[in-house]
Amino acid sequence: MTSKKSFWASCKENHKRRIWVWIVAALAQLMAYVGGLTVYLSRINRWNSQGSYKTYEMYKEAMYQAAKDALGFQDKLIYILLFLAVIIGMQGFSYLYDGKKVDLYHSVPVDRNRRFAVVYVNGIVIYLTSALVSLFIGTVAAVIQGGVNGSVLAMIGFGFIWQMLFFLVMYHTVILAVMLSGNQFIGLGVAGTLVLYELFLYYLINTMMGVFFRTVSGFYVGRGPKFSVLEDYIDNARYIKYTAYAEDLKEVARLVLPYYGKWFILAVVILATAWICYRKRPSEAAGKAMAFPVIGQILKVVTAIPIGLGIGMWVHNAAYGNTMLTVASMVGCGVIVSAAVEVIFDFDIKSLFRHLATSGAVVAGIIVVFLIFKLDLFGYDAYLPQADKLDSIALNVDYYGQFWDNEFNYVQANKYAEEHMFITDTEPVLALADKSRSEMPEDMKDPRVFNILYRLKSGRKVDRRFWVDIANPANAEKLNRIVGSQEFKNGTYQILTDQNSYDQVVSLNYSNGAAKVALPTTDAQKLREAYIKDMEQFDFSLAGTQYACGQIAFQFPNWMEERIDVYESFEHTIAYLKSQDAYYPLQLNPEDIENITITNYHNKLREQADVGAEWNSVYARSTWVSDGDYSYEDFSVSQTFYEQEEFAKIVPVIYPSYMGYSTWHSAEEMDQNYDIYITFRKDTTYPYERGSYGVYYKFYTGHVPEFVEKATALEAQDE
Amino acid sequence: MIEIHNLTKTFDKIKAVDEVSVTIKDNTVFGLIGTNGAGKSTVLRMVSGVLRPDSGTVAVDNMPVYNNVEAKKKLFFIADEPYFFANSNARTMERYFSGIYEEFNKEEFYKYLEHFNLDENRKISTFSKGMKKQLALLLGICAHTKYILCDETFDGLDPVMRQGIKSIFAKEMEERGLTPVIASHNLRELEDICDHVGLLHKGGVLLSKDLEDMKCNIQKVQCVFATVDEELKALNGMEVLKKEQRGSLRTYTVRSTREEVTARFATVDTVFYEVLPLSLEEIFISETEVVGYDIKKIILG
């Protein structure tokens, strides 16, 4: 710190007044690392003593995993790192908040840059030494317990750098906050704003887009925070810890190294900004609200506008979209926040209406932003790329299939489509998107949401969504071109492109909704090849006119499952299934059935009762049923049928609920009024899933046999 | 020498110091007088390099002071409320300052502590306000800087301590050319210490003069003249700054040397006359009244 002392001697001198911070840091990290490890290991030892681990290798593996979890990428460490960044950063530079201390430190013959460097480096030393000591003790404890190998050590190393860089970004942010503010209270507020601002802004923007724009898609391209290390940390630390990533160091490195680079650059940029502010910061800022009054006003505007908008959006939701209330609450909240900021800055209630110009800017900003969204001034919903500027398209149509990556970790359908679907025949997609601009989904007979990702030749990606009425015959030709294209299929059905996964199938079976037959997993590739051939004929016409006659379920590691529809025209697949005696027709044989119980819910009556229709004799006989928190009047009537004759009339007109949902069929094609429960005979050889009592079915709409309608009518129950 | 030239500093649109120009000569005790809010502390903070001036310059031995380690090595600033580390004692502070100021004299420091009955191991937080100021002064003196800047440091010190510090100042001035700069709102506090006084008022310098010059050039005379003609004769051509009359006893404050006044009054017929010593307060009253200020309102309240 001094002109005659070495840098490290200066650090030592400074450290004398920061010992308590070191103690707090060391205790916090000891608690996190060593405490965490102790809890994990003792749990594993307890389970081991209870015989939970069948082999010694399993026990060892659990120990390794525990050490990785506790000492490597410990997700909960984020709270401790944030706490340490605040306490180390604030305490180190808090002298700038105190005029008496500033008088001393700025009058002595010590270069200001050196003082900054000493306090800064001392903070790093406090973090590093406390972390390394804690990690060392934790590692030694893990070694003694036999929970450390090379992989564990590498994970500890990766985790340590991960946490160190996160700490650095946060530490630098806190230092920047100190440089911008004049007292601790405001400093904490500025630090919180800097850390959370981008997250809040993106949350707000996404909320407003979702409310005011109808074409917001689920692709979320470019709508996530770019700089928020908080988001990066939360998303990834847990991911690494709880997935197979923890097993593969190369994968861990591939995932975290870009973050290391990004965080390091961020840390350097924030530190440089903090240092510039330190150089510019006037000593007289001590004790004031903000070190630079102009930044205080900027801060007021940039916080009051989003807070006002955020509160307004909350009111918008609570007030069912009332525009007047929304605007009033946005503006009112903006004014209140502006006034509150002034009061906080001046510590004087009389300052409520100071700096009216910036308060006016807040109100104007809120109104402008609201109008941009409300009136869609930038034409978000009207966007349609020009065909000649479009490179390819990815789309996802209400598909809930499961997708996975190389490590069998879950991948979102949109993400999968983004990575695997490159439709170059863009004309039908653009035509449907264009048509959708003038059609409301509520006016469509059977609308489907198309989440679209436009890849422009410029490299830019734009995502939107639109609705297509699949029941409108005018759309059929275009839908055929889209759904029938190989590009669409490749991005929708993982089985078509992902060969490797099918070498690792854990279990394989075929079901027609009732019968369930296991297939040899060694045939997975063979079955896949047959299915790929059959999928060549798949298009909208096939999917929209036929119902699947069965489903093949592939089970992969990490509980990943894929279910693919089999249609009666899929001759290759069915030929394979027949070769395995696994193919069972969709229609059940009445001789296998013990009885059929049909419940008629009388949904229309229930809906009428729900909206307060007139109370009459029919309603009077109903009963109140509690379903969780919701009570409703129960009009259901159940009837069980035992006669073969009745079975023969029922089985041709029912479809398994298990396979009931299809993207390309309307839900109304199945009669939602009825549930059909089939109980199979105990002596049947039909391979229904043993252990279950039966299977649920639905009637095709308009095909309910008359005797069933009569038997389940309300009057029938009265009798 | 500390040269302050057109120094200006504004806080929140309020001009705390307005184009102040003062020269502090080496080996003198410079008193900076002014009411609360006159700008004394701000000037001292700018001189010590704590604050950056909005405009104007401060040069310590021809070196700019702001963020200049070499210039700051020549200064020790004692704020009106000096800061001591939490839970520290005199020994802790000595270690800190002796690490910073190369010339810090530890032996002298502990000798002075003993002399002033300050316990080196006692927590400073348990010291009285006066004891803290004494400690700050001793640290400053023992830092062996050329300049020691004291902001209201003497206010509240008891007469014995003041006398003690004053004699240390005198010794240090004689031995190594120490130049103390003492800011105070109380004129009487500085009367027996300062060689040169600068009077600050509303951020500006009202006057800056050597005390001896002021004392030599302003005289107070009490006399009873034999006749009115004798009075006119005595005062003819003499600049009278102030005149008071009680019966036939006249009291004049005149701008002149003691010798001139004595010689003039010896030639006229007086019943009685006597040249009286002027207090610093009286000199200031006389000087500032001339330029249109009521010093009693400015400093003496």
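Side-chain atoms are counted along with the backbone in the values below, which use heavy atoms only and exclude waters and symmetry mates. All values reported here derive from a predicted model rather than from experimental measurement. Letters go in sequence order (proteins before strands), and every chain restarts at 1.
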Practice problem: Go through the atoms of Lys9(B) and report whether side chain, backbone, both or neither lie under 4.5 Å from a heavy atom of chain A. | Solution: side chain
Exercise. Describe, in one word, how the ring planes of Tyr105(A) and Tyr96(B) are oriented to each other, choosing from parallel (under 30°), tilted (30 to 60°) and perpendicular (over 60°).
Key: perpendicular
Practice problem: Examine distances only and state if a side-chain atom of Asp111(A) and a backbone atom of Val69(B) form a donor-acceptor pair shorter than 3.5 Å. | Solution: no
Self-check item: Lys72(B) side-chain N/O to His106(A) backbone N/O, donor-acceptor pair under 3.5 Å
Solution: yes
Quiz item: Does the side chain of Ile100(B) come within less than 4.5 Å of Pro109(A)'s, by heavy atoms?
Solution: yes
Quiz item: Does the Ser283(A) side chain pair with the main chain of Leu51(B), one donor and one acceptor, at a distance under 3.5 Å?
Solution: no
Quiz item: Out of curiosity, Tyr83(B) OH to Asp98(A) CG, how far, rounded to the nearest 0.5 Å?
Solution: 7.0 Å
Self-check item: Nearest atoms (heavy-atom pairs only) where Tyr101(B) meets Ser107(A)
Solution: OH-O, 4.2 Å
Quiz item: Is it the case that more than 12 heavy atoms not belonging to Phe11(B) sit under 6.0 Å from its CZ atom?
Solution: yes
Quiz item: So, for Arg52(B) and Arg279(A), which heavy atoms are closest and what is the spacing to 0.1 Å?
Solution: NH2-O, 3.3 Å
Self-check item: Which atoms of Phe76(B) approach chain A - backbone, side chain, both or neither, heavy atom under 4.5 Å
Solution: neither
Quiz item: When rounded to the nearest 0.5 angstrom, what distance separates CG in Asn87(B) from CZ in Arg17(A)?
Solution: 12.0 Å
Quiz item: How about Lys171(B): does its NZ atom have over 12 heavy atoms from other parts shown lying under 6.0 Å from it?
Solution: yes
Quiz item: Phe97(B) versus chain A, heavy atoms under 4.5 Å apart: side chain, backbone, both or neither?
Solution: side chain
Quiz prompt | Approximate separation, where rounding is to 0.5 Å, of Asp151(B) CG and Asp103(A) CG | solution = 8.0 Å
Exercise. Mind listing the closest non-hydrogen atom pair of Arg112(A) and Val50(B) along with its distance?
Key: NH2-O, 3.2 Å
Quiz item: Take atom CZ in Phe347(A); do more than 12 heavy atoms of anything else shown fall under 6.0 Å from it?
Solution: yes
Quiz item: With a cut-off of 6.0 Å (strictly less than), are more than 12 heavy atoms of other residues, nucleotides or ligands near NZ of Lys12(A)?
Solution: no
Quiz prompt | Approximate separation, where rounding is to 0.5 Å, of Lys288(A) NZ and Asp12(B) CG | solution = 4.0 Å
Quiz prompt | Within 6.0 Å of NE2 in His144(B), more than 12 heavy atoms from elsewhere | solution = yes
